[in-house]
Each structure stands twice: as C-alpha cells, then as structure tokens.
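Below is one structure; the comments refer to it alone.
In what follows, chains are A, B, ... by sequence order, proteins preceding strands, each numbered from 1.
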Amino acid sequence: MTKKVAVVGVGYTDFNSMTPEVSWKEFMYEACQKAYIDAGVDPREDIDSFITCSEDYWEGFSIFDEFVPDQIGAVLRPCCTVCGDGLYGLGNAYMQIKTGKMNIVAVEAHSKISDLLTFGDIGLFSYDPIFDRPVTGSVDRTHFAGIPSYEKNSPKPLVGKTNEKERIHPYFLAGLEMQNFLRKTGTTEEQCAKVVVKNKKNAFNNPNAEYEVNITIEDVMNSEYLFKPIKKLDISLNVDGAIAFVLASEEAVKKLDVEPIWLRGFGWSSETPWISTRSMDANYAMLASRMAYKMTDINNPRKEIDFAEVDDRFSYKELQHLEALGLAESGEAGKMLDSGDLDLNGSLPTNISGGSLGIGNCFEATGLQKALEVVIQLRGHGGKRQIEDVHTGISQSWRGIPSGSGAVAIFGR
Amino acid sequence: MMTIKSKTEGYPRYAPGTHVSGRDISNKNVTYSWWEPEVQYSWSLGPAYGRFLQELKKGKIIGRSCKKCERVIVPPRMFCEYCYRSTDEWIYLKDTGKVETFSISYLDPNARRIKEPILIGVISIDGASPMHGFMHYFNDMKPEDLKIGMKVKAVWKSEKERTGSITDIKYFKPMNEGDK
C-alpha cells in the first residue's frame with residue numbers, strides 16, 4: 001500500500017460572475033484538460049478513477065453525475081460524484097489511492113451558478129421543511145393533494161413574481177451566527193469589515209479573481225445592513241469557475257515529471273442540522289482540523305502551519321474558522337488581523353488568494369479553490385502574491401449556508 | 001449484549017387500519033408540511049449546442065467531426081469524449097435518419113393514461129457516424145407501423161414558428177420514395 005499521496009496536477013478556469021459564452025461542459029473540460037497537461041497524464045490511459053463534486057440543485061439536473069464523464073475524460077471508466085464540497089472529493093481520491101487499487105485519480109468541482117435564476121429560493125430549499133422554512137416567510141398557495149393549482153390567468157409564476165417579498169433570503173442564518181460570534185469572542189464589526197478590505201485587496205494579485213477592489217473599513221461599515229450585523233459588503237458574491245486536481249500515489253509520482261505537493265492530512269466533520277442545537281462556533285471545522293492534525297502529526301498548528309486558506313464566504317467566517325482551526329485563540333483572530341499577522345508578510349498569511357470575498361463564491365468548488373492556492377504557494381508559483389519560505393499550508397472548506405459541515409486538508413512540500 | 005429482534009417479531013403480520021386517501025389530505029384530516037420551491041434555470045449553451053440550435057432555427061442539422069477517431073458527432077460537442085481532444089470541423093447533415101429503437105408511451109408523468117399514445121424513439125441521423133443522433137417523436141404513422149431500422153425524415157415547424165429548440169423539428173415521419 002502506498003504511504004503517501006501527492007497532488008501532481010492542477011487546472012482551473014478564470015473566475016467570472018457570468019459565463020454565457022460556454023456551457024458547463026466546456027468549462028469543466030477546460031479545467032480538466034489543463035490539470036492533465038500540468039500532470040503530464042493522458043486521462044484515457046493513465047487516470048484510474050474520476051471524482052466530481054456537485055449538488056444537483058445548483059446544476060439543475062437530477063443525478064448530475066451521469067452528465068460528467070464526457071468532459072472529464074471518464075467515459076467507460078470508474079467515475080463517481082461526491083455530493084459536496086471539492087475538498088470532500090479530494091479526501092475521497094486520497095482514500096481511493098490508499099486502497100492500492102488506484103494509482104492516479106482526478107477530482108473536479110465547479111460553479112456554474114449563473115445558470116440558476118432562483119438562487120435564494122434554492123437556498124431556502126436546503127432548510128428544514130417543517131420547522132425552519134415556514135418561518136422564512138409564509139407561502140400560501142391553493143393546492144389539492146400535493147399538486148399546486150395556479151390561477152388561470154397566470155398559470156406559472158415568473159421569476160420574482162411570486163410571494164418573494166414574504167420570504168427571507170436564506171443568508172439570514174449567517175446573521176444569526178455572526179451575532180453570536182461577535183458576542184462570544186468580543187470581535188467587532190470593524191474587524192470583520194477589515195477581512196473584506198484585506199481579501200479584496202489580495203485579489204489584485206490574483207489574475208483569476210473577479211471581485212478585487214480597493215475599499216476602506218468605512219466603505220464596508222457604511223454598506224447597508226442586509227442581515228444585521230451582516231452588511232452588503234460582508235458577503236462574497238457568486239462566481240462561475242471550474243477547478244481540477246490530479247492526485248497520485250508515491251509510486252506513480254516517480255514516473256511523472258512533476259514536483260509533488262503531498263496531501264499530508266485530511267479530516268471532515270458534520271454538526272447536527274438543528275439550528276437551535278448546533279454550536280454556531282464552527283465545531284465542524286474544529287473537529288475536521290483535529291482529525292487532519294492527528295494524521296499529519298501536527299501538535300502545535302500555530303507554529304507548524306505557515307499559511308492558511310479558510311472559508312470566508314461571509315467576512316466573520318474567516319476569523320471564526322481561524323479560531324476553530326486552533327490557529328488563533330478565541331477572540332484572538334480579529335487582533336491578529338489588526339496587527340497584520342494575516343497579511344502577506346505576516347506570521348500567518350490568510351486568504352492571500354483573495355479568498356471567496358475577492359475571487360467570488362464558487363460553491364462546491366470553494367474547497368478546491370482553497371486547496372489550489374495552497375498548492376500554488378507550495379510550488380512557488382504565487383508570483384506577486386508568493387509567500388516567502390512556505391513548507392506547510394492548510395485549506396479549509398465549509399459547505400455553506402445552512403450547513404454545519406466542513407473539511408480540512410493539509411499540504412506540504 | 002445487544003439482542004437483535006427478528007424482523008417480524010413483536011409486530012402483527014398485517015397492521016389493520018384505514019389507508020389515507022387523497023381526500024383526507026385535501027380536507028386536511030392529516031397533518032403534513034407543504035413547500036413549493038421556485039426552481040428556474042437558464043443554461044448557457046456554449047459554442048456547440050448554441051450553433052446546433054441556431055442551425056435548427058434555419059431548418060438545418062449540423063454536427064462536428066473528430067478527425068482522430070473519424071467520427072461525425074451529432075448533437076455536436078466541442079470536445080471528443082473518446083479521444084479527449086477538441087473536435088475539428090462543422091459538418092451539415094441530412095434531416096433524415098434511421099430508427100434505432102422506440103417505445104409507445106401511454107402514461108403522463110402522474111401515471112394517468114393518455115388518450116393518444118406518444119411514439120418516441122432514437123434516430124441516427126444520416127451523414128453522422130452510426131449511433132449518433134437524438135431522441136424525438138414519430139408521427140404520420142400507425143403505432144404498429146413503427147419499426148427498428150425504419151427510415152424517417154424530419155417534419156419541421158414553419159420558419160416563423162421555429163425558436164432554436166430541438167422541438168423546431170415537430171416529429172419524424174416515415175420516409176417516402178422521392179424524399180431527400
């Protein structure tokens with residue numbers, strides 16, 4: 001059995017708020033083709049198994065996995081889909097290689113969220129239908145035995161023409177969590193605003209980022225409240241993009257002409273879906289990281305980890321996640337931000353890629369975006385945003401609103 | 001030590017009672033939760049499907065070739081799924097083909113019987129490689145006349161009615177002598 005598993009190839013598209021010029025298939029093809037060229041492998045010959053990560057409702061297909069083999073090179077080959085974030089796919093690839101049955105495995109995740117017209121409603125669809133959805137606004141439509149009946153003169157509702165006003169946007173849950181986080185840790189709204197300023201500035205050095213902008217803490221603070229205490233600029237905006245990874249066993253690495261980046265540790269965890277019962281402290285990230293630290297033999301993450309890419313789809317999430325990962329004490333992450341520790345030249349550079357606030361929210365590809373940046377940095381391919389002297393990096397994902405699940409992957413040279 | 005019950009132990013073989021009817025639900029005699037999501041998508045077509053549908057609007061069927069595996073692919077794709085490379089050229093095809101398989105369908109999505117059965121099947125398009133084509137309706141024939149291997153021809157909507165959709169072809173009809 002192989003002892004070690006490495007990332008041997010990465011490929012990715014540009015990240016754009018809209019991509020009307022390509023279908024999701026061509027988009028996935030581009031990312032995978034680039035990853036296979038990067039690794040120097042032929043998917044039709046060399047890759048033993050293919051994994052994609054997607055959520056049917058984002059895509060608009062039932063059993064979306066049936067529609068992926070063509071564009072990733074997996075026709076008539078072992079292929080499966082992980083219904084979840086890209087980091088889960090990476091973990092599955094790791095496990096497949098560890099079985100000894102597979103030597104080289106490809107992982108793909110993407111967002112083509114611009115194809116979805118009713119984003120907020122699909123978000124609400126992930127809430128508990130008996131307890132949580134009914135209190136996001138009343139929807140009173142006449143129906144008979146489970147089949148809706150519409151008014152004769154408006155047989156089908158159009159976008160934005162239904163009782164939309166009566167429903168709350170699903171992101172309100174982040175408002176609940178942020179309120180709790182600020183109170184518990186003493187973190188301020190200004191510190192959260194500073195995360196936005198930092199990440200959007202970092203994105204200037206990432207040519208693939210979509211939302212780079214020079215703004216001040218005041219700009220964020222003055223943006224309107226959407227889900228108090230969350231303001232408009234605290235929220236990452238949606239983006240389209242595809243990312244692919246090629247992983248290989250230690251033995252297979254030797255046959256490839258690549259500099260391997262080792263996947264040294266991996267962990268994942270899920271909280272209860274009960275909004276009233278779960279932690280609101282990102283315990284999923286805490287437990288996933290402990291699992292990964294144990295596997296990597298990391299006892300003092302603050303010292304042994306050089307830089308971090310953590311989920312920052314809402315500004316406070318970056319600070320909350322850093323604390324959950326044990327990279328900051330409770331209430332300390334905001335102070336580290338204030339003292340410049342999270343900057344490019346700081347002691348723990350965080351979301352140097354621009355994060356989700358700077359690049360955009362790429363949904364199931366978010367975890368792979370974090371992992372991608374760690375690989376780029378460890379390879380020394382960061383260009384203007386290259387962090388000096390890095391050996392170990394951590395990437396962390398969260399499955400997004402309203403989930404309490406996430407994964408952690410640790411990479412090393 | 002945990003004891004594992006056999007599957008039937010402790011339960012009656014048949015639980016007596018009254019089945020819930022549709023009327024019980026509509027009269028709200030049973031408690032249930034109801035939610036209707038708003039689900040709408042608008043998929044970007046990209047160069048391959050986009051061109052294909054534009055050509056349908058003009059009353060033409062177009063495919064793409066892969067020079068490596070020597071296939072003419074329809075509906076067209078920008079990459080070859082077997083060779084894993086970009087495809088090469090656009091090729092216009094005929095609007096005739098061969099029935100590969102078919103079914104005569106009698107039920108609507110709610111499993112209610114429909115009056116006139118729908119004839120549906122897979123057509124290999126002439127000019128494309130074998131087993132390359134798409135699914136469509138058949139009409140202008142009796143259900144019992146529909147056969148595998150039968151030659152068929154597209155019946156198009158009028159130019160005005162066409163919108164750039166697979167249904168710009170109304171259906172396929174049996175090919176008569178003299179049809180091109």
Side chain, backbone, both or neither: which part of B:Ser86 has a non-hydrogen atom closer than 4.5 Å to chain A? both

CZ/B:Phe102: more than 12 non-hydrogen atoms of other groups inside 6.0 Å: yes

Heavy-atom distances under 4.5 Å only: say whether A:Glu26 touches chain B with side chain, backbone, both or neither. both

Counting only heavy atoms from other residues, nucleotides and ligands, does the tally under 6.0 Å from CD of B:Glu70 exceed 12? no

Specify which of A:Arg44, A:Lys112, A:Glu59 makes the most heavy-atom pairs with chain B at under 4.5 Å. A:Arg44

Would you give the length of the straight line joining atom CG of A:Asp70 to atom CZ of B:Phe79, rounded to the nearest 0.5 angstrom? 5.5 Å

Portion of B:Tyr82 that has a non-hydrogen atom of chain A nearer than 4.5 angstrom: both

Are there over 12 heavy-atom neighbours, none belonging to A:Tyr57, within less than 6.0 Å of that residue's OH? no

Between B:Tyr41 (side chain only) and A:Ser114 (backbone N and O only), is there a donor and an acceptor less than 3.5 Å apart? no

Measuring heavy-atom distances to chain B, does A:Lys25 have an atom under 4.5 Å in its side chain, in its backbone, in both, or in neither? both

What part of A:Gln33 gets closer than 4.5 Å to chain B, counting heavy atoms only: side chain, backbone, both or neither? both

If one checks every heavy atom of A:Phe61 against chain B at 4.5 Å, the contacting part turns out to be side chain

Tell me if the CG atom of B:Asn29 is crowded by more than 12 foreign heavy atoms within 6.0 Å. yes

Can you check whether B:Trp43's main-chain N or O pairs, donor with acceptor, with A:Trp24's side chain at less than 3.5 Å? no

Within 6.0 angstrom of B:Lys98 NZ, more than 12 heavy atoms from elsewhere: no

Answer yes or no: does atom CD1 of A:Ile63 have more than 12 heavy-atom neighbours from other residues, nucleotides or ligands under 6.0 Å? no

Side chain to side chain contact (heavy atoms under 4.5 Å, CB included) between A:Leu117 and B:Ser42, intermediate numbers included: CA-CA 7 Å; A:Leu117 301 181; B:Ser42 162; 3.8 Å; yes

Inter-residue atom distance B:Glu81.CD - A:Ile72.CD1, 0.5 Å rounding: 12.5 Å

Interatomic spacing from CZ in B:Arg77 to OH in A:Tyr29 - rounded to 0.5 Å: 13.0 Å

Exercise: identify the closest heavy-atom pair between A:Thr118 and B:Val39: OG1-CA, 3.5 Å

Can you tell me if B:Ser44 uses its side chain to pair, donor with acceptor, with the backbone of A:Glu21 under 3.5 Å? no

With a 4.5 angstrom heavy-atom cut-off, is it the side chain or the backbone of A:Tyr36 that approaches chain B, or both, or neither? side chain

